[in-house]
Amino acid sequence: MTDRATREDEWLFGWDPTPGIVSVWASLDGRALVWRRTAEGELVLEEERFRPWILLSSRDDLRHVGAHTLSIEELAGPGELRFLVRADDGRALARAVLEGASRRLGRRVGNLRELPKETCLALAPEDQYLASTGRVYFRDLPFERLRRAQIDLETTGLDPEVDRIFLVAIGRPDGEAETHEIDGSTRDPDAAEADLLERALARVRELDPDVIENHNLHGFDLPFLARRTELLDVPFAFGRDRTIPTSKRASARGARVATPDQAAHPMRRARFSVAGRELVDTLDAVRRHDFSARDLPGHGLKVVAKHLGLARSDRVHIPGARIFEVFRRDPARVRAYAMDDVREAAALAATLGGAAFALARMAPRRYERLADAGAATGVVDPLLVRAYLREREALPAHREGDGTAHSGAALHLFATGVATRVVKADVASLYPSLMRSFRIGPSRDRLGAFLSIVDRLVALRLEAKRLGKEAVKGSAEQHAHDAMSAAMKLVVNSAYGYLGATSLTRFADVHAANEVTRRGREVLGMLCSELEARGVTLLEADTDGVYFSAPPAFSEDDERRVVSEVDALLPPLVRLEFEGRYAAMLSHEPKNYALLAYGATEPVLRGVAFRSSRAEPYGEEFLRRAVGALLAGDVQGVRDAYVSTVLALERRELPTIAVASRVRLTKTPDAYAASRKQKRELAYEALLASGITRWSAGDRALVYRSKLGPRVAVDPDAEDDPRVVRPAQGSPVDPRDYDVDSYVRSLLVNFASRLTTGLDREDFSETFADPHQPSLFARRLAEARPILTPLERRAELKA
DNA sequence: GCCAACCGGGG
DNA sequence: GTGTACGGTTGGC
């Protein structure tokens, strides 16, 4: 009997030591193609045999089958899926089960997936192979030894039915980039494009990468390439085994694909898959990263590369809609642009893709699947299935929820208005910590594998973080430790989601999930009252964090002291951390607030009440100034911001664009003409009144209210953007004919109103009084102070 | 104006 | 044989 620690290691990392696996392609006939990279870097292909297997809840459907064709093993324990059935050929195995089920049910059952999922578990062939052999990808193979390539298409537009591919950029395994482009001298554009696609695909096969990467690879490049090759009759083949065609696999975030039975499955989505290469989309890595980090300004390639410091400072920029037009004038510029793109995609894949790489060394699934799977269904569930199989323990059947509602986290708003000396404290990884501290796991997990996996991942993560810090900055070693840490974090944070996902995961347990949130609310409530007992004023608390205001006599050390005093009272493994301190906070509504950092003049605004794309620039600017002044305790400054904005409007000192709002046009001219009788819409009225009769759905415009009605303004920042509508030629660029009364009113109603909680009623009226009425209390505002109003304690449950 | 549905990306 | 959450934006009444 192996000891518990060794078994737990096997649950997490598998047990077969085969090194260097870079791709697996298995089929139900029991054949597995395994591509490996040797220590010398050479690629070898090994053709393996394995025994396909399924798990059944009953052996009844197999009574008719002779024992020599397949083997049935009854697993231990109370789990419903207790018969492990194996055969040399998985298709024969499926046929036997289906024949038995058809007899029993008196109707034809054509596919294992039609059987209720609580009676049958049948994995994809690769998953069967990896789970039963204990093999995993990339053992002893550092990320740097993977042979990676990137492929990026430049097209005339976004629709493969009508647009063409005119350039293909390829990032090579040696780190260089190259481009292939259409032969413009050819008469026949179809032949020219077909020739380009043939050359590009041949080049990919020649470079022979283990992994193909790009940003939105599965959402754009591959489906576009698939459709163009189909239309042009070019073989869409770039795998390592040309006898195996490029195939599709169902994937919720794949591209929509046409199915023969559109009526039955109208919205099928799929991703492409090829034998011998892993197709990895950096957009998945970006989304996964931002899911926990929440620090990215967007998920586009350029903006992420820049944010992570991966972009060359002089990289070429071309707006998407203009790429083809630029190519015709200046092809060298587009080549440089496309090569910058593949280099950034390669850097991004290396920086954020490490987590999936680390997961592929643990979970029994293909690397490309671990790169895009949700962590709960795609990583934790396969780990548990392999653990139960390894222990010869029956698996519990999938079970729908019993109707118990999933309860949520706590959200409290304790006070509104302006507070000073603000501290933010929060509990890191609250839910995993509670699960570990109180041993809350799925009730049907007889092996205790779930909590053991979470415990080990937390320990491994701490170790990886420590090693990452010790490693040389920027080294491959540091990268590997950081990736490991990111992968562990991902899985640990998904553990709670796993419990709650009753319709998705095998061991889901809504009662356990509710116990976690209940403990979470308890901890939040306790830390709030303990903080309050130490003399601070609570402002807002949400799930795992709290904002409070320290008394004037407190030093920063005192602030830190109360946080650590309260930390000491929390359950083991649950740690309250001091996260930050701010000079002031305007608390408006739950999750709508402004913070002023020490030494800063500009506040940080959070929540829909303070930021909206529809807000006109003059109002946003006013709000920034006014909130900044209010947070600094300068009520006269708020008044000054208001008066100067009103006067600037009245004197027409503000440019027209300052009062204009950005709108997106969704209706075509015809569609609006049809609906105009029922309802007039400001944006389209502005277009018509400005003499614009032609635009397309998806275009944008700057719209404002003039004295004579809605008008379109000229956007100087979008001068050569073809998707931004501009007024007829000859109209003034900045007419400043806006409707002053309307914008003065809007300033009060839509912007000044965000400051009501920070001032008492009289001060508010005084601050926002008509600038032309002489005040009766000229001196009052100099002495006015912002206010903070404690609310009756109210607790709300989040949905 | 309010709430539900949708989106996030790619040329 | 898949499946995030969340904050912001759009679109339908």
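Labels below follow one simple rule: chain letters A, B, ... track the order of the sequence lines, proteins then strands, and each chain is numbered from 1.
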Side-chain ion pair, A:Asp127 and A:Arg366, N-O less than 4.0 Å: no

task: Taking atom NZ of A:Lys306 as the centre, report whether more than 12 heavy atoms of other residues, nucleotides or ligands fall under 6.0 Å from it.
output: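 Check fails, neighbour count at 12 or below.
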
- prompt: Reckon A:Arg506 touches a base, only the sugar-phosphate, or nothing at all at heavy-atom distances under 4.0 Å?
  reply: nothing

message: At 4.0 Å (heavy atoms only), tell me whether A:Arg164 reaches a base, stays on the sugar-phosphate, or touches nothing.
response: nothing

field: Polar side-chain atom of A:Trp53 near backbone of A:Gln128 as donor-acceptor pair, under 3.5 Å
entry: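 Checking the backbone N and O of A:Gln128 against the side chain of A:Trp53, a donor-acceptor pair under 3.5 Å is found.
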
Taking the [atom1] atom in each of [N] and [M], what is the distance between them to the nearest angstrom?
N: B:dG10; M: C:dG3; atom1: C1'; result: 23 Å
N: B:dG11; M: C:dG7; atom1: P; result: 28 Å
N: C:dT2; M: B:dG8; atom1: P; result: 24 Å
N: C:dT4; M: B:dC7; atom1: C1'; result: 14 Å

task: Using the closest heavy atom to pick a nucleotide of DNA chain C for each, name whichever of A:Gly378 or A:Val663 lands nearer the 5' end.
output: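 Taking each residue's closest nucleotide, the earlier one in sequence belongs to A:Gly378.
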
Using whole Å, what does the distance between atom [atom2] of nucleotide [N] and atom [atom1] of [X] come to?
X: A:Asp284; N: C:dT2; atom1: CG; atom2: C1'; value: 13 Å
X: A:Leu359; N: C:dT4; atom1: CG; atom2: C1'; value: 15 Å
X: A:Asp542; N: C:dG7; atom1: CG; atom2: C1'; value: 13 Å
X: A:Arg288; N: C:dG3; atom1: CZ; atom2: P; value: 10 Å
X: A:Asn592; N: C:dG8; atom1: CG; atom2: C1'; value: 12 Å
X: A:Asn493; N: C:dC6; atom1: CG; atom2: P; value: 12 Å
X: A:Lys591; N: C:dG8; atom1: NZ; atom2: C1'; value: 13 Å
X: A:Leu605; N: C:dG7; atom1: CG; atom2: P; value: 16 Å

task: If a pair satisfies salt bridge (Lys or Arg N to Asp or Glu O under 4.0 Å) and one of its residues is in residues 489-509 of chain A, list it, with sequence neighbours excluded.
output: A:Asp381-A:Arg506

message: Using 30° and 60° as the class boundaries, would you call the ring planes of A:Phe224 and A:Phe220 parallel, tilted or perpendicular?
response: tilted

When you compare the protein's N or O atoms with those of nucleotides 4-11 of chain B, which come within less than 3.5 Å of each other, and at what distance?
from	atom 1	to	atom 2	distance (Å)
B:dG9	OP1	A:His299	N	2.6
B:dG10	OP1	A:Leu301	N	2.7
B:dG10	O4'	A:Asn216	ND2	2.9
B:dG11	OP1	A:Asp341	OD2	3.4
B:dG11	O3'	A:Glu154	OE1	2.5
B:dG11	O3'	A:Thr155	N	3.2

message: OP1 or OP2 of C:dT2 versus the side-chain N and O atoms of A:Arg369: is any pair under 4.0 Å?
response: yes

Student check: side-chain heavy atoms of A:Leu56 and A:Val97 closer than 4.5 Å: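 Answer yes - side chains close enough.
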
By side chain to side chain contact (heavy atoms under 4.5 Å, CB included) - contacts of A:Ala347 (at least two apart):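 If we apply the side chain to side chain contact (heavy atoms under 4.5 Å, CB included) test to A:Ala347, skipping adjacent residues, the hits are A:Leu310.
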
